[in-house]
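All residue numbers in this chain count up from 1 along the given sequence. Excluded from the calculations below are hydrogen atoms, water molecules and symmetry mates; all remaining heavy atoms, backbone and side chain alike, are included.
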Amino acid sequence: MPSTDPQCLSKYQRIVAIAVDDLTTSETVIEWAAHHCLQPSDVALLINAFEGLEPLSNAEQSKRLTHAAQRHSVATLQHLEQRLRETGTRAEIRTVSVMGEARHAVLEVVKQFGANVLIVGSNDLGNATRMVVGSVRRYCKQHCFCPVIEVKTPAADRVFPICRLISSQPGQKGVGKPIS
């Protein structure tokens with residue numbers, strides 16, 4: 001697997017960061033990016049965050065569970081990398097598995113690699129669920145330093161993915177204009 005060092009990516013025209021999880025909606029986001037965004041001179045940076053566990057009373061058990069979460073993250077990234085390759089994209093593909101709360105970890109990687117754009121999926125969890133677990137997508141839209149593209153997925157009661165470009169300029173709200 002090629003190096004995922006930020007300096008190694010400077011030769012590419014754009015760094016397109018794509019936040020993914022282990023849900024099938026990530027496959028829709030990957031396909032949308034391949035068909036509507038990625039160019040041969042780009043690098044697609046697939047980012048998956050996993051949360052380590054606070055030390056339990058049994059430190060060894062905490063360590064095993066954290067390693068299991070990391071292995072799951074890496075397996076998720078390998079699967080989605082393969083799916084992206086199957087789309088026929090000619091963009092370079094790199095993956096980053098990072099430990100931390102997803103909303104913060106994704107933005108840290110985007111900043112570290114100097115991504116030109118971040119693509120996120122929308123699961124539309126509903127207001128009650130979003131209040132409990134939060135929304136990575138919403139947090140990224142509000143705090144990311146680069147433009148954020150939100151891909152609405154079939155899980156959000158859509159037949160086809162619909163995309164909105166969300167402004168990352170301070171004080172501006174997202175633009176609800178479809179661009180697909």
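- For T76 and D22, the side-chain atoms include no donor-acceptor pair closer than 3.5 Å.
- Remark: side-chain polar atoms of H36 are not paired, donor with acceptor, to backbone N or O of W32 under 3.5 angstrom.
- Minimum interatomic distance between A105 and A49 (heavy atoms only, all atoms of both residues): CB-CB, 3.9 Å.
- To the nearest 0.5 Å, atoms NZ (K63) and CG (L65) are separated by 12.5 Å.
- For the pair E31/R83, a side-chain contact is recorded, criterion being any heavy-atom separation below 4.5 Å from C-beta on.
- By the 4.5 Å heavy-atom criterion applied to side chains, Q70 and M99 are not counted as neighbours.
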ask   = Could you walk me through whether R138 and R103 pass the side-chain contact (heavy atoms from CB on, under 4.5 Å) check?
value = CA-CA 9 Å; R138 179 179 286 170; R103 65 185 74 207; over 6 Å; no
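- Applying side chain to side chain donor-acceptor pair (under 3.5 Å) to S41 and the options R90, E92, R14, Q13 leaves one that passes, Q13.
- Under the 3.5 Å distance criterion, the side-chain polar atoms of N116 are left unmatched by any main-chain donor or acceptor of V16.
- The line from OG of S97 to NE2 of H72 is 10.0 Å long, rounded to the nearest 0.5 Å.
- Note that NE2 of H79 is 14.0 Å distant from OG1 of T95, once rounded to the nearest 0.5 Å.
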key: Working for side-chain contact (heavy atoms from CB on, under 4.5 Å), residues I30 and L46   = CA-CA 9 Å; I30 293 290; L46 304 181; 3.4 Å; yes
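- Contact of the L77 side chain with the V74 side chain is not registered, since no non-hydrogen atoms from C-beta on lie closer than 4.5 Å.
- Looking at heavy atoms from C-beta onward, T87 lies out of side-chain contact with L38 at the 4.5 angstrom threshold.
- To the nearest 0.5 Å, atom NZ of residue K111 and atom CD of residue E108 are 6.0 Å apart.
- Looking only at side-chain heavy atoms (C-beta outward), V110 and F145 come within less than 4.5 Å of each other.
- At least one donor-acceptor pair under 3.5 Å links the side chain of S26 to the backbone N or O of D21.
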Worked verdict on I47 versus F113 for side-chain contact (heavy atoms from CB on, under 4.5 Å) = CA-CA 11 Å; I47 306 167; F113 285 86; over 6 Å; no
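- Contact annotation: the side chain of V20 never approaches that of V29 to less than 4.5 Å [non-hydrogen atoms, C-beta and beyond].
- Of the residues listed (V117, L118, V120), the one engaging C144 in a side-chain contact (heavy atoms from CB on, under 4.5 Å) is L118, and it is the only one.
- Atom OG1 of T66 and atom CD of Q61 lie 10.5 Å apart (nearest 0.5 Å).
- Nearest approach of E51 to A69, heavy atoms of both residues: O-CB, 4.2 Å.
- The CG atom of L80 sits 8.0 Å away from atom CG of N48, with the distance rounded to the nearest 0.5 Å.
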request  = Could you go through the side-chain contact (heavy atoms from CB on, under 4.5 Å) check for Y139 and V106 one step at a time?
outcome  = CA-CA 10 Å; Y139 186 85; V106 166; over 6 Å; no
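- Of all heavy-atom pairs spanning C37 and D42, the tightest one is O-OD2, 3.8 Å.
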